[in-house]
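Only one structure is covered here, and it is reproduced in the block below.
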2 protein chains.
Amino acid sequence: MKNATTMLMENGIKPSYQRIRILEYLMSHRTHPTVAEVYNGLIDEIPTLSKTTVYNTLKLLIEHQIVNEILIEEKEVLYDVAEEDHGHFKCVSCGDLIDFNLNEAPPAVPTGFVVQSVHVYYKGLCNKCSGKQHKE
Amino acid sequence: MKNATTMLMENGIKPSYQRIRILEYLMSHRTHPTVAEVYNGLIDEIPTLSKTTVYNTLKLLIEHQIVNEILIEEKEVLYDVAEEDHGHFKCVSCGDLIDFNLNEAPPAVPTGFVVQSVHVYYKGLCNKCSGKQHKE
DNA sequence: ATTCTTGCAAATCATTTGCACTTTA
DNA sequence: TAAAGTGCAAATGATTTGCAAGAAT
C-alpha cells in the first residue's frame, strides 16, 4: 500500500502535516478507531491538534473514498481505511469488532462465530438521481 | 402479520397502551422512522406520551427481536419491524432509503440504481464468547 | 494578499439517566 | 401495596458551527 502522502496527493488532497499523520494513524491502526481514539493517539506527538481537525480530515478522506465510516456502534462512528471488501462482525457479548471476508458466497464468518443478525446496506444513487449525476 | 398486542404477548412483553401504539405505528409505517418521527406521529393522539417511553419501548422491542435498528444515518437511528431479510439502499444524492431483496445472490438492487459502496455487518457472538453463552 | 487550513469555544441534538408519579395485578 | 411502566427534567457526549488566527503559494 502506498504511503499516506502519496495517497493524499493522488486524490487531489493537499498533504498537510495533520492530514498525513491522521491518515498514517488509520493505516497503521486497523482497529476501526473512533474520532476520539485517533485524536488521543496523536495528541502527544501533535500537541496542537484539535478534534475539529480530526473531524474535518476524516470527512475529507471519506468524501475522497480513502476512508470508510463504519456505522455499527450506536454511539459513535468508527473509521476504516478503504481496502478490499470486507464485512464486520460485532460480538454482542464482548463488543469486539472483527473483519471478515466478503469475497466468498455466502460471506463466511470465522469458525466458532454465531451470527444472530445480518445487516446489509448499500450507498449510491437511486434511480431518480442516477440520471442527474448531480449531488447536493 | 399478527396484530401488535399478539406480537407483544407472544414475546412475553406486557402489552401496555403505549407499547401497542408504538408497535402499531412501526407496523403501519414502513418508512424506517426515527424516534422523533414515532413520537411526533403519536403525540397528537397520546398527548401524555414522552420520548423516554418511545426510547424505552424501542429498546425493549429490539431486545426481543421484534424490531431492528438500522444504523445507516450518521445522526440518528432508524427503526424497522423485523421481517424477511432485506437490505437498505441509501441514495447519497436525495437521501432516500429504499429496501431491497436479500434472498437473491448477488443481492439485486432495483434497475437504475448505482451502487457506490457496500456495507455489511453481522451481530452475534464471537468465538471467545460463543462458548460461554452469557451476555453482560 | 488571498486562499486554504487549523483550532478554540460555543452550540446542537440524539440519547441516557435519575427520580418521582402513575398504573396494574 | 409492591412491582412494573411512564414521563419530566437534567445530564451526557458525539458531532457541528462560527469565527479568528496561522500557514502556504
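Each chain gets a letter, A, B and so on, in the order the sequences are listed, and its residues count up from 1.
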In whole Å, I'd like the distance from the [atom1] atom of [X] to the [atom2] atom of [N].
X       : N      : atom1 : atom2 : answer
B:Leu49 : C:dT22 : CG    : C1'   : 15 Å
A:Arg21 : C:dG7  : CZ    : P     : 13 Å
A:Ile13 : C:dT6  : CD1   : C1'   : 16 Å
B:Leu71 : C:dA14 : CG    : P     : 16 Å
B:Glu69 : C:dT15 : CD    : C1'   : 12 Å
A:Lys51 : C:dA10 : NZ    : C1'   : 15 Å
A:Tyr79 : D:dA14 : OH    : P     : 12 Å
A:Glu37 : D:dT15 : CD    : C1'   : 16 Å

Ion pair check, B:Arg30 and B:Asp99, cut-off under 4.0 Å: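 So B:Arg30 does not pair with B:Asp99 through a salt bridge.
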Could you check whether A:Lys14 gets within reach of a base, just the sugar-phosphate, or nothing at all, counting any heavy atom under 4.0 Å?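 Sugar-phosphate contact only.
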Under 4.0 Å between any heavy atoms, over every strand shown, what does A:Lys75 touch: base, sugar-phosphate, or nothing? Just pick one.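 Sugar-phosphate only.
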Can a donor-acceptor pair be found, under 3.5 Å and without considering hydrogens, that links the side chain of B:Glu37 to the backbone of B:Thr34?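 Answer holds: yes.
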Polar side-chain contact B:Thr52-D:dC8 base: donor and acceptor under 3.5 Å: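 Pair found.
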B:Ser16 side chain N/O closer than 4.0 Å to the phosphate oxygens (OP1, OP2) of C:dT24?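 No, B:Ser16 has no side-chain N/O under 4.0 Å of OP1/OP2 on C:dT24.
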With a 4.0 Å limit, can you tell me whether A:Gln18 has a side-chain N or O closer than that to the phosphate oxygens OP1/OP2 of D:dA23?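 So the side-chain polar atoms of A:Gln18 never come under 4.0 Å of the phosphate oxygens OP1 or OP2 of D:dA23.
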Under the ring-ring contact (aromatic ring centres under 6.0 Å, His included) rule, what do B:Phe113 and B:Phe100 come out as? Steps first, then yes or no, please. CA-CA 11 Å; B:Phe113 282 54; B:Phe100 66 87; 8.8 Å; no
Select from B:Ser50 and A:Glu76 the residue whose nearest nucleotide in DNA chain D is closer to the 5' end of that strand.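 Nearest nucleotide further toward 5': that of B:Ser50.
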5′-ward residue of the pair A:Tyr17/B:Ala36 relative to DNA chain C: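 Closer to the 5' end of DNA chain C: A:Tyr17.
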5′-ward residue of the pair A:Thr48/A:Glu74 relative to DNA chain C: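 Taking each residue's closest nucleotide, the earlier one in sequence belongs to A:Thr48.
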Please determine whether residues A:Met9 and A:Val67 belong to a single hydrophobic cluster, defined as Ile, Leu, Val, Met, Phe, Trp and Tyr linked transitively by side-chain heavy-atom distances below 4.5 Å.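 In one cluster: no.
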So if I take every side-chain heavy atom of B:Asn56 and compare against D:dT6, C:dT6, C:dT16, which nucleotide ends up nearest?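 The answer is D:dT6.
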Gap between atom NE2 of B:His32 and atom CD of B:Glu69 - 0.5 Å precision: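 Answer for the CD-NE2 pair, B:Glu69 versus B:His32, is 14.0 Å.
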